[in-house]
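Chain A is the first sequence line, chain B the second, and so forth, proteins listed ahead of strands; every chain is numbered from 1.
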Amino acid sequence: NAGVTQTPKFQVLKTGQSMTLQCAQDMNHEYMSWYRQDPGMGLRLIHYSVGAGITDQGEVPNGYNVSRSTTEDFPLRLLSAAPSQTSVYFCASSYSSPPGPLFEQYFGPGTRLTVT
Amino acid sequence: AQSVTQLDSQVPVFEEAPVELRCNYSSSVSVYLFWYVQYPNQGLQLLLKYLSGSTLVKGINGFEAEFNKSQTSFHLRKPSVHISDTAEYFCAVFPYTGGFKTIFGAGTRLFVKA
(Lines give C-alpha, C1' and ligand atoms only; values in the text may rest on other atoms or scores of the structure.)
Protein backbone atom coordinates (compact mmCIF):
# COMPACT_ATOMS: atom_id res chain seq x y z
CA ASN A 1 0.00 0.00 0.00
CA ALA A 2 1.92 3.05 -1.29
CA GLY A 3 -0.64 5.65 -0.14
CA VAL A 4 -0.49 8.90 -2.13
CA THR A 5 2.37 9.21 -4.60
CA GLN A 6 3.45 12.29 -6.56
CA THR A 7 5.85 12.74 -9.44
CA PRO A 8 8.15 14.45 -10.09
CA LYS A 9 9.68 15.49 -6.75
CA PHE A 10 11.36 18.54 -8.27
CA GLN A 11 10.80 20.45 -11.50
CA VAL A 12 12.17 23.62 -13.07
CA LEU A 13 10.19 25.25 -15.87
CA LYS A 14 10.66 28.30 -18.01
CA THR A 15 7.88 30.87 -18.22
CA GLY A 16 5.29 29.80 -20.75
CA GLN A 17 6.07 26.08 -20.64
CA SER A 18 3.38 23.57 -19.75
CA MET A 19 3.61 20.45 -17.67
CA THR A 20 1.57 17.91 -15.71
CA LEU A 21 2.09 17.03 -12.07
CA GLN A 22 1.09 13.44 -11.43
CA CYS A 23 -0.80 12.18 -8.38
CA ALA A 24 -1.96 8.62 -7.68
CA GLN A 25 -3.46 6.83 -4.70
CA ASP A 26 -4.05 3.14 -4.10
CA MET A 27 -6.52 3.41 -1.20
CA ASN A 28 -9.67 3.53 -3.37
CA HIS A 29 -10.44 7.01 -2.07
CA GLU A 30 -13.21 8.93 -3.82
CA TYR A 31 -12.01 12.40 -2.85
CA MET A 32 -8.78 13.90 -4.16
CA SER A 33 -7.45 17.43 -4.06
CA TRP A 34 -4.51 19.62 -5.01
CA TYR A 35 -2.98 22.28 -2.77
CA ARG A 36 -0.15 24.73 -3.15
CA GLN A 37 2.01 25.73 -0.21
CA ASP A 38 3.69 29.11 -0.13
CA PRO A 39 5.77 30.57 2.72
CA GLY A 40 3.64 32.25 5.39
CA MET A 41 0.38 31.27 3.68
CA GLY A 42 -0.24 27.67 4.67
CA LEU A 43 -1.92 25.46 2.09
CA ARG A 44 -4.46 26.73 -0.42
CA LEU A 45 -6.86 24.51 -2.33
CA ILE A 46 -6.45 24.61 -6.13
CA HIS A 47 -8.91 21.98 -7.41
CA TYR A 48 -10.64 18.97 -6.00
CA SER A 49 -12.56 15.92 -7.19
CA VAL A 50 -15.36 14.00 -5.50
CA GLY A 51 -15.11 11.02 -7.83
CA ALA A 52 -14.11 9.91 -11.31
CA GLY A 53 -15.37 12.41 -13.88
CA ILE A 54 -16.25 15.09 -11.29
CA THR A 55 -13.98 18.04 -10.50
CA ASP A 56 -14.46 21.50 -9.05
CA GLN A 57 -12.46 24.64 -8.35
CA GLY A 58 -10.94 25.52 -5.05
CA GLU A 59 -9.58 28.81 -3.75
CA VAL A 60 -6.83 29.45 -6.34
CA PRO A 61 -7.73 27.62 -9.60
CA ASN A 62 -6.47 30.11 -12.20
CA GLY A 63 -3.72 28.76 -14.44
CA TYR A 64 -4.39 25.13 -13.54
CA ASN A 65 -6.49 22.37 -15.07
CA VAL A 66 -7.48 18.97 -13.70
CA SER A 67 -9.31 15.89 -14.85
CA ARG A 68 -10.24 12.63 -13.14
CA SER A 69 -10.65 9.75 -15.55
CA THR A 70 -9.99 7.04 -12.93
CA THR A 71 -10.42 6.76 -9.17
CA GLU A 72 -6.67 6.34 -8.72
CA ASP A 73 -5.24 9.30 -10.68
CA PHE A 74 -5.69 13.05 -10.40
CA PRO A 75 -3.17 14.96 -12.56
CA LEU A 76 -2.69 18.73 -12.30
CA ARG A 77 -1.84 20.59 -15.51
CA LEU A 78 -0.08 23.93 -15.69
CA LEU A 79 -1.12 25.42 -19.03
CA SER A 80 1.44 28.22 -19.35
CA ALA A 81 3.77 28.41 -16.36
CA ALA A 82 4.36 31.75 -14.66
CA PRO A 83 6.84 32.71 -11.90
CA SER A 84 3.87 33.19 -9.55
CA GLN A 85 3.29 29.43 -9.77
CA THR A 86 6.61 28.71 -8.09
CA SER A 87 5.48 26.72 -5.07
CA VAL A 88 5.31 23.32 -3.44
CA TYR A 89 2.33 21.31 -4.63
CA PHE A 90 0.63 18.67 -2.52
CA CYS A 91 -1.93 16.12 -3.57
CA ALA A 92 -4.27 14.64 -0.96
CA SER A 93 -6.96 11.98 -0.89
CA SER A 94 -9.69 10.98 1.53
CA TYR A 95 -12.27 8.24 1.88
CA SER A 96 -15.11 10.63 2.57
CA SER A 97 -15.78 14.35 2.58
CA PRO A 98 -16.53 16.64 5.47
CA PRO A 99 -18.81 16.49 7.33
CA GLY A 100 -18.34 12.82 8.12
CA PRO A 101 -16.67 10.93 10.96
CA LEU A 102 -14.37 9.09 8.57
CA PHE A 103 -13.03 12.24 6.97
CA GLU A 104 -9.23 12.32 7.01
CA GLN A 105 -6.91 13.55 4.29
CA TYR A 106 -3.75 11.67 3.34
CA PHE A 107 -1.06 13.82 1.74
CA GLY A 108 1.56 12.97 -0.82
CA PRO A 109 5.23 13.99 -0.37
CA GLY A 110 4.91 17.05 -2.62
CA THR A 111 6.38 18.43 -5.84
CA ARG A 112 8.67 21.44 -5.60
CA LEU A 113 8.18 23.56 -8.72
CA THR A 114 10.31 26.52 -9.76
CA VAL A 115 9.32 28.70 -12.72
CA THR A 116 12.05 30.98 -14.05
CA ALA B 1 -16.36 33.18 5.28
CA GLN B 2 -13.93 31.26 7.43
CA SER B 3 -10.39 32.08 8.53
CA VAL B 4 -7.70 30.47 10.66
CA THR B 5 -5.07 32.37 12.62
CA GLN B 6 -2.07 30.69 14.09
CA LEU B 7 -0.87 33.22 16.60
CA ASP B 8 2.82 32.33 16.57
CA SER B 9 4.89 31.89 13.42
CA GLN B 10 7.81 30.39 15.37
CA VAL B 11 8.04 28.78 18.80
CA PRO B 12 11.47 27.91 20.21
CA VAL B 13 11.45 25.64 23.25
CA PHE B 14 13.93 23.53 25.17
CA GLU B 15 13.74 19.76 25.12
CA GLU B 16 11.45 18.26 27.80
CA ALA B 17 9.64 21.58 28.30
CA PRO B 18 5.90 21.89 27.68
CA VAL B 19 4.63 23.65 24.58
CA GLU B 20 1.38 25.20 23.37
CA LEU B 21 0.74 26.15 19.76
CA ARG B 22 -2.20 28.50 19.45
CA CYS B 23 -4.93 28.42 16.83
CA ASN B 24 -7.99 30.67 16.60
CA TYR B 25 -10.61 30.43 13.91
CA SER B 26 -13.53 32.44 12.63
CA SER B 27 -16.59 30.85 11.08
CA SER B 28 -20.29 31.55 10.76
CA VAL B 29 -21.04 27.81 10.61
CA SER B 30 -19.88 24.83 12.64
CA VAL B 31 -16.53 23.41 11.66
CA TYR B 32 -14.36 20.36 11.99
CA LEU B 33 -10.88 21.14 13.35
CA PHE B 34 -7.56 19.51 12.57
CA TRP B 35 -3.89 19.76 13.41
CA TYR B 36 -1.28 18.52 10.94
CA VAL B 37 2.49 18.19 11.27
CA GLN B 38 4.98 18.62 8.43
CA TYR B 39 8.53 17.38 8.90
CA PRO B 40 11.20 18.88 6.62
CA ASN B 41 10.75 17.96 2.96
CA GLN B 42 7.73 15.80 3.66
CA GLY B 43 3.98 15.97 3.21
CA LEU B 44 1.47 16.71 5.95
CA GLN B 45 0.55 14.10 8.51
CA LEU B 46 -2.59 14.23 10.64
CA LEU B 47 -1.88 14.74 14.36
CA LEU B 48 -5.45 14.87 15.65
CA LYS B 49 -8.96 16.00 14.77
CA TYR B 50 -12.08 17.26 16.47
CA LEU B 51 -15.38 16.26 14.90
CA SER B 52 -17.75 16.24 17.90
CA GLY B 53 -18.03 14.99 21.48
CA SER B 54 -15.32 15.52 24.10
CA THR B 55 -13.56 18.84 23.65
CA LEU B 56 -10.20 17.38 24.68
CA VAL B 57 -8.75 15.42 21.80
CA LYS B 58 -5.69 13.20 22.03
CA GLY B 59 -3.52 12.57 19.00
CA ILE B 60 -0.34 10.85 18.00
CA ASN B 61 3.12 11.46 19.46
CA GLY B 62 1.73 12.63 22.82
CA PHE B 63 -0.04 15.73 21.45
CA GLU B 64 -3.48 16.85 22.55
CA ALA B 65 -5.74 19.77 21.72
CA GLU B 66 -8.72 21.38 23.35
CA PHE B 67 -11.67 22.80 21.46
CA ASN B 68 -13.08 25.95 23.03
CA LYS B 69 -16.24 26.95 21.22
CA SER B 70 -16.79 30.21 23.11
CA GLN B 71 -13.27 31.41 22.34
CA THR B 72 -13.21 29.76 18.89
CA SER B 73 -9.83 28.26 19.67
CA PHE B 74 -8.18 24.89 19.16
CA HIS B 75 -4.77 25.07 20.83
CA LEU B 76 -2.30 22.21 20.54
CA ARG B 77 -0.29 21.10 23.58
CA LYS B 78 2.40 18.65 24.55
CA PRO B 79 3.63 18.30 28.14
CA SER B 80 7.22 17.41 27.24
CA VAL B 81 8.72 17.91 23.79
CA HIS B 82 11.55 16.03 22.11
CA ILE B 83 14.09 17.12 19.53
CA SER B 84 12.18 14.99 17.03
CA ASP B 85 9.11 17.23 17.42
CA THR B 86 10.91 19.97 15.50
CA ALA B 87 8.59 20.56 12.53
CA GLU B 88 5.95 22.89 11.16
CA TYR B 89 2.43 22.54 12.53
CA PHE B 90 -0.74 23.55 10.70
CA CYS B 91 -4.20 24.14 12.08
CA ALA B 92 -7.08 23.62 9.62
CA VAL B 93 -10.86 23.94 9.59
CA PHE B 94 -13.49 22.31 7.42
CA PRO B 95 -16.89 24.02 7.58
CA TYR B 96 -20.14 22.08 7.75
CA THR B 97 -21.29 23.51 4.44
CA GLY B 98 -20.80 20.45 2.29
CA GLY B 99 -18.57 20.65 -0.75
CA PHE B 100 -14.86 20.57 -0.06
CA LYS B 101 -13.89 23.94 1.29
CA THR B 102 -10.77 23.76 3.44
CA ILE B 103 -8.91 26.53 5.23
CA PHE B 104 -5.40 26.16 6.60
CA GLY B 105 -3.55 28.45 8.94
CA ALA B 106 -0.18 29.86 7.94
CA GLY B 107 1.70 27.40 10.14
CA THR B 108 3.81 27.50 13.30
CA ARG B 109 7.41 26.36 13.19
CA LEU B 110 8.31 24.52 16.41
CA PHE B 111 12.03 24.43 17.10
CA VAL B 112 13.11 22.19 19.99
CA LYS B 113 16.54 22.96 21.40
CA ALA B 114 18.78 20.60 23.37
Side-chain angles (χ1 to χ4, degrees), chain A residues 2-7 9-10 21 23 25 29-51 54-61 66 68 74 88-112, chain B residues 1-10 21-27 29-54 57 59-60 74 87-109:
Chain A
V4 180
T5 58
Q6 291 183 238
T7 56
K9 284 189 167 54
F10 302 94
L21 307 186
C23 174
Q25 52 90 10
H29 285 171
E30 288 295 322
Y31 297 86
M32 297 185 74
S33 51
W34 276 102
Y35 295 87
R36 59 177 291 173
Q37 182 182 28
D38 301 295
M41 301 188 72
L43 276 74
R44 290 181 292 168
L45 183 65
I46 304 171
H47 286 285
Y48 65 95
S49 169
V50 300
I54 307 170
T55 64
D56 205 348
Q57 296 181 351
E59 183 184 357
V60 288
V66 292
R68 184 100 178 268
F74 190 43
V88 182
Y89 291 85
F90 289 100
C91 179
S93 73
S94 60
Y95 176 73
S96 69
S97 73
L102 296 180
F103 176 68
E104 177 177 339
Q105 289 193 103
Y106 294 82
F107 285 82
T111 294
R112 188 174 296 273
Chain B
Q2 291 81 29
S3 66
V4 176
T5 302
Q6 292 184 239
L7 297 163
D8 306 291
S9 59
Q10 295 186 68
L21 306 184
R22 298 178 294 166
C23 173
N24 288 350
Y25 70 93
S26 171
S27 177
V29 300
S30 295
V31 296
Y32 289 141
L33 296 150
F34 297 78
W35 274 100
Y36 291 89
V37 59
Q38 184 181 32
Y39 298 104
N41 300 314
Q42 294 187 27
L44 277 70
Q45 179 183 359
L46 181 68
L47 270 179
L48 48 80
K49 59 184 176 183
Y50 173 78
L51 303 181
S52 63
S54 173
V57 181
I60 63 172
F74 191 53
E88 187 146 24
Y89 293 79
F90 292 94
C91 181
V93 302
F94 293 82
Y96 282 28
T97 56
F100 207 85
K101 187 174 183 181
T102 72
I103 302 96
F104 281 83
T108 297
R109 189 171 298 276

Report summary line: Closest heavy-atom pair, Phe90(B) versus Gln37(A), reported as atoms and distance to 0.1 Å, is CZ-NE2, 3.1 Å
Report summary line: chain A shares the most heavy-atom pairs under 4.5 Å, among Gly107(B), Gly105(B), Ala106(B), with Ala106(B)
Report summary line: To the nearest 0.5 Å, atom CD of Gln105(A) lies from atom CG of Leu44(B) at 9.5 Å
Query raised in the report: Taking C-beta and beyond as the side chain, do Ile103(B) and Glu59(A) meet within less than 4.5 Å on heavy atoms?
Result: no
Query raised in the report: Among Gln6(B), Arg109(B), Gln45(B), Gln42(B), which residue forms the greatest number of heavy-atom pairs with chain A at distances under 4.5 Å?
Result: Gln42(B)
Query raised in the report: To the nearest 0.5 Å, how far apart are OH in Tyr36(B) and CD in Glu104(A)?
Result: 7.0 Å
Query - Partners passing side-chain contact (heavy atoms from CB on, under 4.5 Å) against Pro61(A) (at least two apart in sequence or in another chain) - result: His47(A), Gln57(A)
Query raised in the report: Checking heavy atoms, do the side chain of Arg112(A), its backbone, both or neither come under 4.5 Å from chain B?
Result: side chain
Requested in this report: Could you go through the side chain to side chain contact (heavy atoms under 4.5 Å, CB included) check for Gln38(B) and Phe107(A) one step at a time?
Outcome: CA-CA 10 Å; Gln38(B) 184 181 32; Phe107(A) 285 82; over 6 Å; no
Report task. Check whether Tyr35(A) gets within reach of chain B through its side chain, its backbone, both or neither, counting any heavy atom under 4.5 Å. Result -> side chain
